[in-house]
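Take a look at the structure set out below.
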There are 2 protein chains.
Amino acid sequence: MQMDVSTRQLRAFVALAQQRNFTRAAARLHLSQPAFSALIRSLEELLGVRLFDRNTRKVELTPEGESFEEVAQRLLADFDHAMTDVRDHVARRRGRVSLAVLPSLAAGWLPPVLSEFHALYPGIDLDVADVLSEDCLERVRSGSADFALAAIRADSPELRTEVFCSDRFHLVCRADHPLATAPVLRLRDLASHPFVQLARTSSVRQYLDAAVHPMQMNTLMEVEQLATVMGMVRSGLGISVVPALTLFHFEQPGLVTRPLQVAGLTRRIFLIRRRDRSLSAAAQALYELVMRKKPDEQAG
Amino acid sequence: MQMDVSTRQLRAFVALAQQRNFTRAAARLHLSQPAFSALIRSLEELLGVRLFDRNTRKVELTPEGESFEEVAQRLLADFDHAMTDVRDHVARRRGRVSLAVLPSLAAGWLPPVLSEFHALYPGIDLDVADVLSEDCLERVRSGSADFALAAIRADSPELRTEVFCSDRFHLVCRADHPLATAPVLRLRDLASHPFVQLARTSSVRQYLDAAVHPMQMNTLMEVEQLATVMGMVRSGLGISVVPALTLFHFEQPGLVTRPLQVAGLTRRIFLIRRRDRSLSAAAQALYELVMRKKPDEQAG
DNA sequence: CGATCTTACGGGATTCGTAAACATA
DNA sequence: TATGTTTACGAATCCCGTAAGATCG
């Protein structure tokens with residue numbers, strides 16, 4: 001049993017209930033008076049009840065009309081509220097974006113991007129997960145992130161991967177270290193020096209292991225955080241090699257960073273999103289800004 | 001800014017969100033699939049967002065579609081609830097009637113009528129005001145009663161009066177009273193006997209005063225309630241004259257009631273309702289039953 | 001008789017269903 | 001290639017506005 005009452009009929013009813021005059025109420029809906037009359041009649045027929053007692057001199061609500069008035073007003077208000085809510089989301093006046101990003105991006109490159117985003121769309125809430133690549137992917141897969149920036153490609157078929165940027169590796173060492181001023185830097189030159197490694201789960205480490213066999217490295221220690229690497233290097237315990245996007249950690253007095261021109265030693269950052277699933281208006285807006293603000297390909 | 005989204009569009013949207021298949025969802029609305037497709041498209045255009053990601057193999061909600069789904073379902077539920085509510089009232093499954101009736105009618109004639117009414121329409125609440133005629137009219141005038149049964153006509157132009165029934169007067173006295181067996185009863189025969197009167201505000205008294213000048217009466221006492229009149233008469237203090245509709249008070253052992261064949265001494269009961277104001281479905285139903293159950297014109 | 005609602009009716013927009021075209025796994 | 005959506009298009013329907021008719025104070 002479905003009653004396809006239209007919102008127009010409701011609006012007509014409310015207008016007439018307020019104006020108590022067909023001609024004026026019709027004008028308010030930008031309708032001719034007979035057309036308006038038909039609209040009221042159709043509503044009455046649909047409900048099976050007269051809503052107005054009317055003659056040429058007076059228009060009054062019937063008891064049923066009276067009790068229907070508040071109902072109709074509430075329904076219309078709910079309706080309009082719901083519609084403006086949708087429009088607000090579409091217009092990016094409101095909404096929420098969730099993204100998952102590698103910690104290295106989250107600390108260095110991301111903040112100014114989000115700052116600009118927030119200035120553009122102050123009504124959109126932001127939800128950032130600064131987690132490792134595997135976790136990034138999982139969050140996109142489960143839907144808890146709209147998209148992600150990670151260092152690995154997605155494997156599952158419901159995800160879509162696109163290259164976001166390339167991230168070249170740099171040597172980091174003390175300014176008084178011999179390599180700081182060496183004319184040429186080759187990977188095997190570095191191998192002999194005491195080296196501060198990141199944990200094997202990090203993408204940085206995986207790239208390094210792929211480029212230089214671990215056996216050839218003079219690994220001094222393994223730590224979890226890049227900030228720790230920096231501390232170790234600054235105190236002269238060893239050197240390290242990190243991607244360009246993490247260099248902000250090493251912009252410290254007494255430290256030197258030097259690009260490595262090594263073929264194949266380039267970390268790729270990927271943007272991961274669900275396939276066959278469009279982004280929300282808010283997520284699309286962030287996606288576009290993120291793509292526009294890609295780290296310079298020449299960085300490093 | 002009014003968005004005339006129709007309930008059909010909402011129903012189409014919800015059907016598709018649930019079925020995730022245009023063909024099946026179209027069938028559910030008894031529509032051809034292309035017509036259904038157009039309905040969805042029109043909704044998406046109106047809202048300015050795609051609500052479904054679709055290809056020939058899969059139909060999925062977009063993020064906007066997802067958040068719109070609960071909104072649409074709630075709106076439709078509210079809508080349908082409001083509509084069935086109206087229909088329930090029209091079908092007399094629910095509702096309320098308020099009526100105002102003279103106490104004499106309220107105690108004797110009314111209860112079985114309301115009993116039948118309640119059996120017919122168990123969902124309709126009843127509101128009875130058993131008050132004197134003036135008060136009956138005032139309640140109709142103010143809208144707190146849908147209609148009234150009173151002993152006076154309405155004066156104000158917004159009220160409409162119709163004759164409901166005629167109520168003949170009867171002598172009430174003890175069985176051992178001389179008048180109980182008198183061959184003929186004339187008004188002047190009664191006048192000499194001690195008489196128990198009702199208060200001047202009662203319609204019964206007003207009729208009597210109009211028929212027999214008070215000076216000609218042997219008034220023993222004035223009381224407010226008919227039940228009191230009965231008690232006085234039963235104890236032999238005097239006689240009285242009351243309308244047929246109140247005789248149930250006097251159906252007591254040792255009491256006699258005898259009709260008075262006096263021209264002009266007939267109380268009229270009127271039904272009063274607002275002019276130019278239709279009755280609610282519930283009130284109309286009671287009105288019709290009340291008219292069908294009019295006290296027999298021959299009563300008395 | 002004047003203001004106002006209803007009825008009558010022709011034209012135009014909307015919406016429908018059928019059939020063909022198109023897309024994807 | 002099979003399934004399922006979109007496009008194309010003629011037909012039916014719905015809805016509007018103008019004009020005439022009816023009604024009440």
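Each chain gets a letter, A, B and so on, in the order the sequences are listed, and its residues count up from 1. From a predicted model like this one, the values you see are computed outputs, not experimental measurements.
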State the [atom1]-[atom2] distance between [X] and [Y], to the nearest 0.5 angstrom.
X	Y	atom1	atom2	value
B:Glu70	B:Arg74	CD	CZ	9.0 Å
A:Cys165	A:Trp109	SG	CH2	8.0 Å
A:Glu69	A:Leu10	CD	CG	11.5 Å
B:Ile269	B:Leu245	CD1	CG	6.0 Å
A:Leu149	A:Phe164	CG	CZ	5.0 Å

So does A:Arg54 get a side-chain nitrogen or oxygen closer than 4.0 Å to the phosphate oxygens (OP1/OP2) of C:dT6?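 Yes, within the criterion.
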Hey, is the side chain of A:Ser37 poking within less than 4.0 Å of OP1 or OP2 on C:dT6, counting only N and O atoms? yes
Rounded interatomic separation in angstrom, taking [atom1] from [X] and [atom2] from [N]:
X	N	atom1	atom2	value
A:Arg275	C:dA25	CZ	C1'	13 Å
B:Glu60	C:dA25	CD	P	13 Å
B:Asp4	D:dC16	CG	P	11 Å
B:Arg20	D:dG4	CZ	P	16 Å
A:Arg41	D:dC14	CZ	P	14 Å
A:Leu43	D:dC14	CG	C1'	17 Å
A:Phe22	D:dC24	CZ	C1'	15 Å
B:Asn21	C:dT24	CG	P	17 Å

Go along nucleotides 13-22 of chain C 5' to 3' and tag each nucleotide: B for a protein heavy atom under 4.0 Å from its base, S when only backbone or sugar atoms are that close, - otherwise. ---SBBB---
All ring-ring contact (aromatic ring centres under 6.0 Å, His included) counterparts of B:Phe270, not counting sequence neighbours: none
Closer than 4.0 angstrom, basic N to acidic O: yes or no for B:Asp276 and A:Arg54?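 No salt bridge links B:Asp276 with A:Arg54.
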Base of D:dT3, side chain of B:Arg57 - is there a donor-acceptor contact under 3.5 Å? yes
Starting from the 5' end of DNA chain D, give me the residue, B:Val59 or B:Asp276, whose nearest nucleotide shows up first.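 This one resolves to B:Val59.
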